[in-house]
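Take a look at the structure set out below.
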Amino acid sequence: MTQETRIVSKFLRDHPGDSWTIEAALANGTYATLDTLFDRAPEDIIQQVADSGLRGRGGAGFGTGQKWSFLPKDVFPRYLAVNGDEGEPSTFKDHMLVEGDPHQLIEGIVITSYAIQAHHAFVYLRGEFALGAERLGQALADAYARGFVGKNVKGSGYDLEIVLHRGAGCYIAGDETGLLSSLEGERAMPRIKPPFPAVQGVYAAPTIVNNIETLSTVPHILRNGAEWYAAMGVNRSKGTRLFSVSGHVERPGNYEVELGITFRDLIVGLAGGVRDGKKLGFFIPGGASSPWLLEEHLDAPLDMDYVQSELSATTMLGSGAVMVYDETVDPLLVAWRIAKFFAHESCGKCTPCREGSGWLEKVLYRMLHGYGRPEDLDLMLGFGNNLAPGLGWPPGMTTICQLGPSTMSPVVSLNRFWRDEIIERMTRDAERRDALTVKAAV
Amino acid sequence: MTSTTPDAVPMSQWPSDYEYVIPVAPGPDVVTVTIDGNAVEVPRGELLIKAAQQHGTYIPRFCWHERMKPVGMCRMCLVEIEGMRGLQISCATPVADGMVVRTQSDVVKKAQDGVLEFLLINHPLDCPVCDRGGECPLQDQTLAFGPGESRFVEEKRHYEKPIAISDLVLLDRERCIQCGRCTRFAAEIAGDPLIDFGGRGGSTEVITYPDEKFSSYFSGNTVQICPVGALTAAAYRFRARPWDLETVETSCQTCAVGCRGALDSTSNRIVRLLGVDSEPVNQGWLCDKGRYGYEWVHSPDRVRAPRVRIAGDSGEASWPEALDAAAAGLRRALDGRGPTSIGVLGGARGTNEDAFLWARLAKEVLGTDNVDAQLGDGLPAEVVLGLPRAVISDLDRARGIVLLGPDLKEELPVLHLRVRRAAVELGVPLVEIAPRATGLTREAAAVLRHAPGEAAAIGQAFARALAGDGTASGDGQIERAVAALDGREGDLVVVLGRQSLAESADSVVAAAAALAQVPGVKFLSALRRGNVHGALDMGLAPGFAPGRVAVDGPPGLDAAGILAATAAGDIDTLVLLGTDLLCDFPDRALVRRAFDEVRFVVAVGAFASDVADRADVFLPTSVWGEKNGSTTNLEGRVMRLARLVTPEGTAMEDWRIASELALRFGTDFGLETVEAVQDEIARVAPAYAGVDATLLARARDGVVVPVAAHPGEIVLQPAPGVSAGVSWEPIRPTPVVEPDADDAAPPEVPADQPDLYRWDRAATAPVAVPPDAYSLRLVVARTLYDTGRTVSSSPSLSSLATGPVLVVHPSDLSRLGVAAVGDTVRVTSARGSVEVAVRTDTAVAPGTCFMPFAQGAGEPAPNDLVAVGDAVTELRVESTR
């Protein structure tokens, strides 16, 4: 039986009744790292986090310590922006962390802000997280009252203001530059990079954007050492990660596991396998943006680089959201539903995404409702190739951010695994329409 | 070396904005970039799209615009760069040494094809009924780079079309390709962020705020830069097809900035004015008043034949009859009380040629120096002509800008954009000296607010502080201003104009005199009327001969003096050059007294008016768009004006009328063409030495006079008389060609030039008028939309006039307790009393009030309250209930 390896989720699992309160957090030893934090040089902390091999948990998987080291020297002020706009469909790990253990997050923010020498941190929290906002707000108030945040943190002379900002319901605010635009009061439209946020982020100042789970991990690395963290995991995927397993499984939920176990361990071992004795149809390994996998891929390890380059069907671990569909699910329906999501959430900035995502949704809708044509799959791949050149993973890009090419993942997956079936089905539909002389508007 | 040669690409592939290039000479800091196999040298840091264009490679684009920051939305300008993953947008990629770029590889072509297919899936393709059809970047680029057929079989998105987003601009959301040029222009360039994107994904659309229209003074620019027909102009919609247009390049004459524009006509009617991107002048922009103000040219109110009053009745006459009658009237004055009994007013709306010959007629033939092109609303000619002068582009690199004058947004809108850009984008500190908030207050590094009529004291204190003699102002703003300027290099540019018409010019003049002592100071005149600077240069001012030279002896009377002398009976004959004094002069009572006394009036102008009805002889003139000539803008730049349509009726050029009248006094100027007059000006007017017809015809952006003070700034076109090509993007008539060695030689200026006039008046003591606690001190100034001829005779603009109103600070309204917002109040000054509606605005300082000038001839007007020469005007406000 596979076991979880709980680090960031340990305290909130162990104290489900009061883990978000300051009293419970203090009893647990949260904030203890601040006792010695300010005796250390900021560069020292950046080095330690770099040595731990921690990679961003938002989806892109960029080395956290490496990102921090990109800050231009001697340019101040700098800011930390905490990406809590967890918007990737079926991802709910940050949701749990911010509701269950806000003090762990605040501790991580203080450490990170000190390491990057920022005196302002902004927590951009998804608007729908009402309870999370309430608990984080209370936690911040308590942390301020106890001197963990604010002027002269713990008597160190270091000042830190943490601002909680709630989003207004927009997927693309989860992109780091989209988040910064939204934070500034603009539409959450991603910006051209370069300049990267580390050079010119919020208010045109150097800014580090980190995910909630990433920052929640940081105190544990300081507490236990980089070697301890780096000893867990596999290859370049170090430590543990939270995976949100949802869909047709017996026990959906968040599971914190050491990287390197397999999808089978996660889906069957921990989540109990496909429910009601049905067979697995397919699963989406890393959020709605990622290309899909089948039963035959279950033994692939949870290794960010492996799934992206060595797996036969290249995909990504992304945000760690694993969606499981049983054998009864029509892949075309799922593809359309995801396309509809992306068409709705495209910010409208880049032409290929703004127009292509809507086009894709319209074609899939038509196909799903019996008005498809045999050539529609190739049509989607054809114009999709102008949105995600090459249609591989990671995709080529004609847009500023990843949303555009991500819209093609469901279609790429349909083509990979069900091409013949779909063309056959569309042919049948066309013949049926002909027989009924009910011609589609097409 | 040439910048762009149109032969580089087949003509069929020219996109609309192909020709437009700002030349950048390779400086010392250049890098070598290989574009499609050609190694070229470009300045380090230049954007790739621009660098490629300068070397003949056009990269297609929709969202990128030369004058705005890149945003990377449309994805049309994707190129392949060796060593970089995927495709890069060339609009946001700066060049780097050794960069190897491919703009026409298969991958790039596929991407361009793909972007155009995406853009067209929801585009309605209603080109046959679209204003833009025929000059549309989307059409052109689809033809050059796009797919032949669409694979899209779904239903396109639909919107109600069009919707009016302002009184002047309509939006068709179906045609919109969401490039964000308009929204970025509004926020970035105009500073009026009144439009933005709403919705998202395929539903992204340009929106206004729910309760606020896109009422920017610059809204028309969005129509011009829109790369499709999504934004259309109410004034131009369905008026013409691009291939039917005739075009000339000219200068707008609505205000004294003289923005370069391409004027279009069809069937002998002017239908459109587009901004031409002239780097030193307007950088492609126009204000809406200038853009749509052409409509007055064809107004039914134009006078189309001469009129002569015989026995009290005015009737049409032939030109010889009318000219004889005018000459006879002037002859009677000369024979009666002599030359000084003649006054000549106006002339600031004509060409330099008009002003030159009218000045000669008045001063040389008739012998009167009672001549003034300004109408009591400007500054003394000796101040305008005699201070060290700045040019507009000096603002970009100034040590600082001091605004000592009107609200530029209202009076000189495109200069406002330039100052705003300097302050916002280029980091030039702006110091505002004004009695009320202006359109630039938000951008100012320091705001020296003062009571109306008391600019002198604060201006002098600021000048002392700059000299290191610190006197603290109460609010620390002088210290802020000095600190902002501290350590900066360059000239201090003072934008100098009249702050308010409710006070004499003395206070502003005294402040200017103090600032004139600051080392490295230059002045940019903020006088308003189209060619007022040309008129003053040509001698339509007391005490001056053509070419900025003072005449010996005591000067004649200025406008206020002429009217006072007329009222007193010392002047009995007036010549009015295109003025409506009851509307334009700040003191209406004085005008009425003068007209009660005057014996003989010759009106030379285009429109009938109350004053013109009083005229004994009315001589109709041809106007802007109907005649060739030259104009001088506020920086002293002489630019060509071009004729596009035939004059209404038998209207004649002003200068020809002057010549004809001179003949009747036995003087033959011997000048039969505009070019001959220009050559004559170049010969006899010292400041204009060398600026002859040949040079004017070839100088692309005009010539700043005197040429000796501005060497090397003249860019010549390859051949004289080239008209603007029809092109929609910021327009340039022809590719820029570096002048030959012969051309590069500066125009010849005779050695024995008289000295130009310099004004060196000692600083005067500040005027301080004790405040009256029961009154509000009045500020009177123009708003962009008034009831002057340009607006009232242009149907698109006429409804936009502010209307008569009294604006007070909210605290004053509650303190006085006499009225609520919208009520009518009675306001009384020492000179008069009117009833007017009141509203509140925090832009007006407490203790002061504001009335817009020229808001209708029959309406309650501030010029019923103001007497010329009064230091300030105090108003008592009473209830009418």
Side-chain angles (χ1 to χ4, degrees), chain A residues 169-172 186-195 340-363 365-366 371 373 375-376 378-380 382-390 394-400 403-405 407 440-442, chain B residues 62-64 69-78 80 84-89 91-94 107-123 147 150-157 176-180 183 187 193 196-207:
Chain A
C170 162
Y171 172 75
I172 203 59
E186 304 286 326
R187 281 167 67 83
M189 279 180 161
R191 303 173 182 171
I192 311 169
K193 294 187 274 191
K340 187 170 158 70
F341 173 81
F342 283 125
H344 182 250
E345 293 295 347
S346 168
C347 78
K349 187 165 187 173
C350 304
T351 303
C353 172
R354 179 182 68 239
E355 304 294 344
S357 61
W359 191 357
L360 198 66
E361 189 271 329
K362 284 178 173 172
V363 175
Y365 181 86
R366 192 159 49 73
Y371 289 91
R373 302 170 300 176
E375 67 267 31
D376 280 338
D378 284 332
L379 167 68
M380 292 189 291
F383 71 73
N385 208 358
N386 293 326
L387 185 48
M397 288 174 66
T398 55
T399 52
I400 293 175
L403 192 155
T407 58
V442 306
Chain B
F62 293 107
C63 67
W64 186 73
K69 290 181 199 144
V71 64
M73 293 183 80
C74 74
R75 318 307 287 181
M76 191 63 204
C77 68
L78 290 165
E80 221 180 333
M84 295 175 88
R85 188 178 149 244
L87 299 171
Q88 306 296 322
I89 42 173
C91 72
T93 307
V107 184
V108 172
K109 282 183 174 163
K110 184 169 185 324
Q112 291 170 343
D113 187 276
V115 170
L116 277 164
E117 183 182 33
F118 285 133
L119 284 175
L120 291 172
I121 63 171
N122 279 308
H123 191 77
S150 177
R151 295 180 283 177
F152 184 77
V153 297
E154 271 69 25
E155 189 179 1
K156 292 179 186 247
R157 66 171 175 251
C176 177
I177 59 167
Q178 287 88 19
C179 69
T183 56
D196 204 339
F197 283 123
R200 56 191 183 191
S203 310
T204 306
E205 56 178 288
V206 173
I207 52 165

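Reminder, nothing fancy here: chain letters follow the sequence lines and each chain counts from 1.
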At a heavy-atom separation under 4.5 Å, does A:S357 approach chain B through its side chain, its backbone, both, or neither?
neither
Under 3.5 Å: donor-acceptor pair, side chain of B:D196, backbone of B:V206
no
For B:V107, is it the side chain, the backbone, both or neither that has a heavy atom under 4.5 Å from a heavy atom of chain A?
neither
Could you tell me which portion of B:F62 (side chain, backbone, both or neither) has an atom closer than 4.5 angstrom to a non-hydrogen atom of chain A?
neither
Exercise: identify the closest heavy-atom pair between A:P405 and A:T399
CD-OG1, 3.4 Å
Do side-chain atoms of B:R200 reach the backbone of A:C347 as a donor and acceptor pair under 3.5 angstrom?
no
Name the option with the most non-hydrogen atom pairs under 4.5 Å to chain B; the candidates are A:G382, A:C170, A:S346, A:G356.
A:S346
Contacting moiety of B:L78, where chain A heavy atoms sit under 4.5 Å:
side chain
Output the option from B:A92, B:A111, B:G199 having the highest count of non-hydrogen pairs under 4.5 Å with chain A.
B:G199
Taking every heavy-atom pair that is under 4.5 Å apart, which of B:G86, B:S203, B:G72 has the most such pairs with chain A?
B:G72
Is a salt bridge present between B:R157 and A:E355, judged by a nitrogen-to-oxygen distance below 4.0 Å?
yes
B:E155 versus chain A, heavy atoms under 4.5 Å apart: side chain, backbone, both or neither?
backbone
Heavy-atom cut-off 4.5 Å, strictly under: side chain, backbone, both or neither for A:P389 against chain B?
neither
If one checks every heavy atom of A:C353 against chain B at 4.5 Å, the contacting part turns out to be neither
Minimal heavy-atom distance between B:K156 and B:L120, with the atoms involved, is NZ-O, 3.0 Å
What part of A:I400 lies closer than 4.5 angstrom to a heavy atom of chain B: side chain, backbone, both or neither?
both
If the threshold is 4.0 Å, N to carboxylate O, is there a salt bridge linking A:R366 and A:D376?
yes
What option among B:C179, B:C74, B:P70, B:C63 has the most heavy-atom pairs under 4.5 Å with chain A?
B:C74
In chain order, what residues pass the side chain to side chain donor-acceptor pair (under 3.5 Å) check against B:D113, with sequence neighbours excluded?
none
Considering only heavy atoms, which portion of A:P395 lies under 4.5 Å from any heavy atom of chain B: side chain, backbone, both, or neither?
backbone
In terms of heavy-atom pairs under 4.5 Å with chain A, which of B:F152, B:F197, B:F118 leads?
B:F118
Flag the pair A:N386 / B:Q112 as yes when at least one side-chain heavy-atom distance between them is below 4.5 Å, and no otherwise.
no
Is the closest side-chain heavy-atom distance between A:R187 and B:T204 below 4.5 Å?
yes
Given a strict heavy-atom distance threshold of 4.5 Å, which part of A:C350 is in contact with chain B: side chain, backbone, both, or neither?
both
State whether the side chain of A:E345 and the backbone N or O of A:Y171 hold a donor-acceptor pair below 3.5 Å, judged by distance alone.
yes
